[in-house]
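Scroll down for the structure; my scribbles are underneath it.
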Amino acid sequence: MQVLEGHRVFTHSRLRNNLLIGTYAQHPHGDRSKLERIYTLFPELAEHRHQMASRLSGGQQQILAVGQGVIGDPKC
């Protein structure tokens, strides 16, 4: 799995929707069932799940970018 530096997330979208984008390759409408796993792995994301990504700090945006990569179940 590779995640780009510079916390490239969709800042005009909510954190939750940013995570669901990571599931679109396998599920055209997003796979909400994987959200709880990510929130367990990254509790800080769970705390901010309803916030706009633009309101997150740079470090939180980078955690979100990693969450986007993990939620897609990459095959390494």
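Everything quoted here is computed from the prediction, not taken from an experiment.
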Exercise. Can you name the nearest heavy-atom pair linking Asn18 to Ala53, along with the distance?
Worked result: ND2-CB, 3.6 Å
Exercise. To the nearest 0.5 Å, how far apart are CG in Asn17 and NE2 in His50?
Worked result: 11.0 Å
For this session: Please answer: with hydrophobic residues joined when any side-chain heavy atoms are less than 4.5 Å apart, are Leu15 and Met52 in the same cluster?
Result: no
Problem set entry | Side chain to side chain, Phe42 and Val66, heavy atoms closer than 4.5 Å | yes
Exercise. Say you draw a straight line from CZ of Phe10 to CG of Leu19; how long is it, rounded to the nearest 0.5 Å?
Worked result: 12.0 Å
For this session: Measure the spacing between CD1 of Ile38 and CD1 of Ile63 and express it to the nearest 0.5 Å.
Result: 12.0 Å
Problem set entry | Reported CG-to-CZ distance for the pair Leu45 and Arg16, which is rounded to 0.5 angstrom | 13.5 Å
Exercise. To the nearest 0.5 Å, what is the distance between CD1 (Ile71) and CG (Leu35)?
Worked result: 4.5 Å
Exercise. Got a salt bridge between Glu44 and Arg49, using NZ or NE/NH1/NH2 to carboxylate O under 4.0 Å?
Worked result: no
Exercise. What are the two closest non-hydrogen atoms of His48 and Leu56, and how far apart are they?
Worked result: CB-CD2, 3.8 Å
Problem set entry | Reported CZ-to-CZ distance for the pair Arg55 and Arg14, which is rounded to 0.5 angstrom | 11.0 Å
Problem set entry | Closest heavy-atom pair and its distance - Val9, Gln61 | CG1-O, 3.6 Å
